[in-house]
Visitor: 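Right, I'll just put the structure down here and ask away after.
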Amino acid sequence: MARPRARDLTERELEVMHAFWNEEGDATASEVRDRLAASGLDRTYTTIATLVRNLHEKGFLAQVNEARPFRYRVARTFEDISGRFLGDLIERVFRGSREQLFVRLLKDRKLTARERAALTEILKEELR
C-alpha cells in the first residue's frame, strides 16, 4: 500500500516554491527549472515538472491556463508558509516557548549590525 502524500512541503518542493517567491508573476515548469539552474540547483525537467504538479495538487500553486505548457502562480505566500513552519518549530522543538527560541538564536552567534537594527525596530514596534 502506498504511503499517503505529505501535506507539508518537502525540501525539494520548498526549493521550487522559492523559485516562484523570488520572481514576480507566473511560470512554467521549464522556466522554474531554468531559475533553479541559474541559482546552482540543477534538476532535471521531469523532476521539476513532478514537483510543480505536486505543489499544485497540495494547493501551494495555482494553474493559470488550460493549454500546455501549463503556467502556475503562487497560491500560498512566503509569509504564510514561513509563519506556519516557524510556529510548528516553536511548538515541536521549543514546546511553545518563543523565549527559548530567542535565547537559542542569540546565543549561537553574534548578531550583525543589520540584524541588530531589525531586531531593535521590531522591539520598538512592540512597545508602541
Visitor: I want to check something: taking the side chain as every heavy atom from C-beta on, are Tyr72 and Thr28 in contact at a cut-off of under 4.5 Å?
Guide: no
Visitor: Is there a donor-acceptor contact under 3.5 Å from the side chain of Arg116 to the main chain of Leu111?
Guide: yes
Visitor: Given the rule in the side chain to side chain contact (heavy atoms under 4.5 Å, CB included) test, do Glu23 and Arg35 qualify, once you have shown the distances and angles that lead to the verdict?
Guide: CA-CA 9 Å; Glu23 298 286 331; Arg35 290 176 188 173; 3.4 Å; yes
Visitor: Please give me the minimum heavy-atom distance between Leu101 and Phe94, naming the atom from each residue.
Guide: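 The pair with the smallest heavy-atom distance is CD1-CE1, 3.5 Å.
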Visitor: Can you measure from CZ (Arg12) to OG1 (Thr50) and round to the nearest 0.5 angstrom?
Guide: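 Going from the CZ atom of Arg12 to the OG1 atom of Thr50 covers 11.5 Å.
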Visitor: Taking all atoms of both residues into account, what is the closest heavy-atom pair of Gly59 and Ala75, and its distance?
Guide: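 Closest approach of Gly59 to Ala75, heavy atoms only: O-CB, 3.5 Å.
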Visitor: Quick one: are Arg53 and Lys58 in side-chain contact, heavy atoms under 4.5 Å?
Guide: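 With C-beta onward as the side chain, the pair stays apart.
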Visitor: Angle between ring planes, His18 versus Phe78, binned at 30° and 60°: parallel, tilted or perpendicular?
Guide: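 Judged by the thresholds at 30° and 60°, the geometry between His18 and Phe78 is tilted.
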Visitor: Tell me the closest heavy-atom pair linking Ser39 and Leu36, and the distance in Å.
Guide: OG-O, 2.8 Å
Visitor: May I ask you to test the Leu123-Thr120 pair for a side-chain heavy-atom distance under 4.5 Å?
Guide: no
Visitor: Determine whether Phe60 and Met17 make a side-chain contact, defined as any pair of heavy atoms from C-beta on separated by less than 4.5 Å.
Guide: yes
Visitor: Under a single-linkage definition using a 4.5 Å side-chain heavy-atom cutoff for Ile, Leu, Val, Met, Phe, Trp and Tyr, are Leu105 and Leu89 assigned to the same hydrophobic cluster?
Guide: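 Linked within one cluster.
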Visitor: For the atom pair CZ (Arg95) and CD (Gln100), what is the distance rounded to the nearest 0.5 Å?
Guide: 9.5 Å
Visitor: Could you tell me which non-hydrogen atom of Ala29 sits nearest to which non-hydrogen atom of Ala49, and how far apart they are?
Guide: CB-CA, 3.8 Å
Visitor: Crowded around Arg84 CZ? As in, over 12 foreign heavy atoms under 6.0 Å?
Guide: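 Buried by this count: over 12 neighbours within 6.0 Å.
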Visitor: Side chains of Thr47 and Thr44: is there a donor and an acceptor less than 3.5 Å apart?
Guide: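 Yes.
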Visitor: Looking at Glu115 and Lys110, is there a salt bridge between them, counting it only when a charged N and a carboxylate O are closer than 4.0 Å?
Guide: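 Glu115 and Lys110: not salt-bridged.
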Visitor: Is Leu106 linked to Ile122 within one hydrophobic cluster, defined over Ile, Leu, Val, Met, Phe, Trp and Tyr using a side-chain heavy-atom separation of less than 4.5 Å?
Guide: no
Visitor: Would you kindly confirm whether Ile90 and Leu9 end up in one hydrophobic cluster when ILVMFWY residues are joined by side chain heavy atoms under 4.5 Å apart?
Guide: no
Visitor: Are Val16 and Phe85 joined in one hydrophobic group, where the rule is that I, L, V, M, F, W and Y side chains link up if heavy atoms are under 4.5 Å apart?
Guide: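 Per the 4.5 Å side-chain linkage, Val16 and Phe85 are co-clustered.
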Visitor: Hey, what do you get for CG (Leu119) to CZ (Phe102), rounding to the nearest 0.5 Å?
Guide: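 So the gap between those two atoms works out to 8.0 Å.
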Visitor: Under the side chain to side chain contact (heavy atoms under 4.5 Å, CB included) criterion, do Ile81 and Trp21 qualify, and how do the steps go?
Guide: CA-CA 11 Å; Ile81 302 304; Trp21 289 323; 3.7 Å; yes
Visitor: Return the CD to OG distance between Glu91 and Ser97, rounded to the nearest 0.5 Å.
Guide: 10.0 Å
Visitor: Within a 6.0 Å radius of atom CD on Glu99, are there more than 12 heavy atoms belonging to other residues, nucleotides or ligands?
Guide: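 Atom CD in Glu99 is not crowded, with 12 or fewer foreign heavy atoms closer than 6.0 Å.
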Visitor: Does the side chain of Asp88 reach to within under 4.5 Å of the side chain of Val93, using non-hydrogen atoms?
Guide: no
Visitor: Decide, yes or no, whether a salt bridge links Asp26 with Arg73 under the criterion of side-chain N to carboxylate O below 4.0 Å.
Guide: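 So Asp26 does not pair with Arg73 through a salt bridge.
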Visitor: How about Phe20 and Leu61: do any of their side-chain heavy atoms sit closer than 4.5 Å?
Guide: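 Yes; the side chains approach each other to less than 4.5 Å.
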Visitor: Measuring from Arg43:CZ to Leu51:CG, what's the distance to the nearest 0.5 Å?
Guide: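 Spacing of CZ (Arg43) from CG (Leu51) equals 8.5 Å.
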Visitor: Nearest 0.5 Å, please: how far is CZ in Arg76 from CG in Leu55?
Guide: 11.0 Å
